[in-house]
Amino acid sequence: MTETSTPRQNGSKGRRSTLLGAVFLMATSAIGPGFITQTTQFTVQLGAAFAFAILVSILVDIAVQLNVWRVIGVSGMRAQDLGNKVLPGLGYVMAALVVFGGLVFNVGNIAGTSLGLDALFGLDAKIGGALSAVIAIGIFLSKRAGVAVDRIVVVLGVVMIALTAFVAFSSAPPVGQALAQAVWPDEVDFLAITTLIGGTVGGYITYAGAHRLVDAGVTGPDQVVDVSRSSVVSLLVTGVMRLVLFLAVLGVVTGGVALSSGNPTAEAFQHAAGEVGLRLFGMILWAASITSVVGAAYTSVSFLVTFSRSLEKARNWLVVAFVAISALVFVLLKQAPSTLLVLAGALNGLILPVGFGVLMFVAARRGDLLGGYRYPRWLLVVGAAAWLLTVYLGINSLSGIVALWK
């Protein structure tokens, strides 16, 4: 994505815009169709006790993102380039895993946009998916694509949170009970926690915001405060969306409604706010899906362009091709291929400990790649603990590959 100017050239206003864009690019990449479905399903299953899983997952996600953003931001190099510096060829492996996983999941994101437009306007799934892909492509073909991405993800991110908060208010959830369960839950579900973590900082999502800052020139040891603050805010934005969606569904469930349809989130929104709620669900799902399309395309291609100057020059066209292929697969198959989604999920689970491990190694042992920056010891300890958890998640993800062979 070609930038016409960097934040340093544009002054403080351009800098704030870029930082905010990076925050929402990461957050909205995480908030996709799967995010909405998982949150609803776990809320129905665990009730108010799901608040504890949300809180723990946010804390772990912050530990991961603090390290990822700081290492990439201070070094000024993308994750795959650091991988090749640590071990020649490793960056290419990381790129292959991220691009494949991002491409397959983008088919699911396109499917999400079609479902959103169906709920909003009753639009045919194929037409809705194709139209959304055209909108995403238009964003990247604009003359100032970087600025366009920053503004689009911020606006749609705010819209998603505001609309979901309205539905949460309408459903009258037991907020006091949820707060109590967040600290002292009746039930602790480790599967829910690990699923939330993998869905929030797994695969390409881990690097979305940090790579955006590298592209915009917000890098170096002197940028560490802003980079670190942005990494935390991005997770807080994601956490707020998760929380208001949880409360919206919780209010419906505790009201005695059994969500038994094939689309429990839409059913919950309709119970909370009637026909308006159903339309709002369509808008939220479309916004969540289209921003995930943008985030997946942008971040996946950012793993390729540093390998040659010709790829860098063709960056926007690579992004367009990425979105177009995703849409074509969806239109031809009418849905995301389930086998590939399982495999992509497993690979995303593997890339998290591999990629995160590379960055933690750079933080601990390769100060030469950080411009002489002295990495905080406490952050290394927190990162090491988080890395062990990502290894556990990666081992669990192998079950997806095993299931394919069966």
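Heavy-atom basis, side chains included; hydrogens, waters and symmetry copies ignored.
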Practice task
Evaluate the side chain to side chain donor-acceptor pair (under 3.5 Å) criterion for residues Thr306 and Gln80: first the C-alpha distance (whole Å), next the side-chain angles of each, then the deciding distance (0.1 Å), finally the verdict.
Solution key: CA-CA 9 Å; Thr306 56; Gln80 72 274 18; 3.1 Å; yes
[X] side chain to [Y] main-chain N or O, any donor-acceptor pair under 3.5 Å?
X      : Y      : answer
Thr200 : Ile197 : no
Ser234 : Ser231 : yes
Thr164 : Ile161 : no

Exercise for the section: Please work out whether the ring planes of Phe281 and Phe269 are parallel, tilted or perpendicular, with thresholds of 30° and 60°. Expected result: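 Correct class here is perpendicular.
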Problem - side chain to side chain contact (heavy atoms under 4.5 Å, CB included) evaluation trace for Val149 with Leu25 - result: CA-CA 8 Å; Val149 168; Leu25 182 65; 4.1 Å; yes
Handout entry: salt_bridge(Arg212, Asp215) N-O dist < 4.0 Å
Key = no
Practice task
Measure the spacing between OG1 of Thr238 and CZ of Phe24 and express it to the nearest 0.5 Å.
Solution key: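 One finds 9.0 Å between OG1 of Thr238 and CZ of Phe24.
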Handout entry: Matching residue for Tyr207 among Phe356, Phe303, Tyr298, Trp69 - test: ring-ring contact (aromatic ring centres under 6.0 Å, His included)
Key =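 Per the ring-ring contact (aromatic ring centres under 6.0 Å, His included) rule, the option paired with Tyr207 is Phe303, out of Phe356, Phe303, Tyr298, Trp69.
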Is the [atom1] atom of [X] crowded by more than 12 outside heavy atoms at less than 6.0 Å?
X      : atom1 : value
Tyr373 : OH    : yes
Arg279 : CZ    : yes
Phe166 : CZ    : no

Practice task
Cation-pi check, Arg242 to Phe35: give yes when NZ or CZ is under 6.0 Å from the six-membered ring centre and within 45° of the ring axis, no otherwise.
Solution key: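 Checked: cation-pi criterion met.
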Exercise for the section: For Thr219 and Ser75, run side chain to side chain contact (heavy atoms under 4.5 Å, CB included): C-alpha distance rounded to whole Å, both residues' side-chain angles, the deciding distance at 0.1 Å, then the answer. Expected result: CA-CA 7 Å; Thr219 59; Ser75 68; over 6 Å; no
Handout entry: Short side-chain donor-acceptor distance under 3.5 Å, Asn106 and Asn109
Key = yes
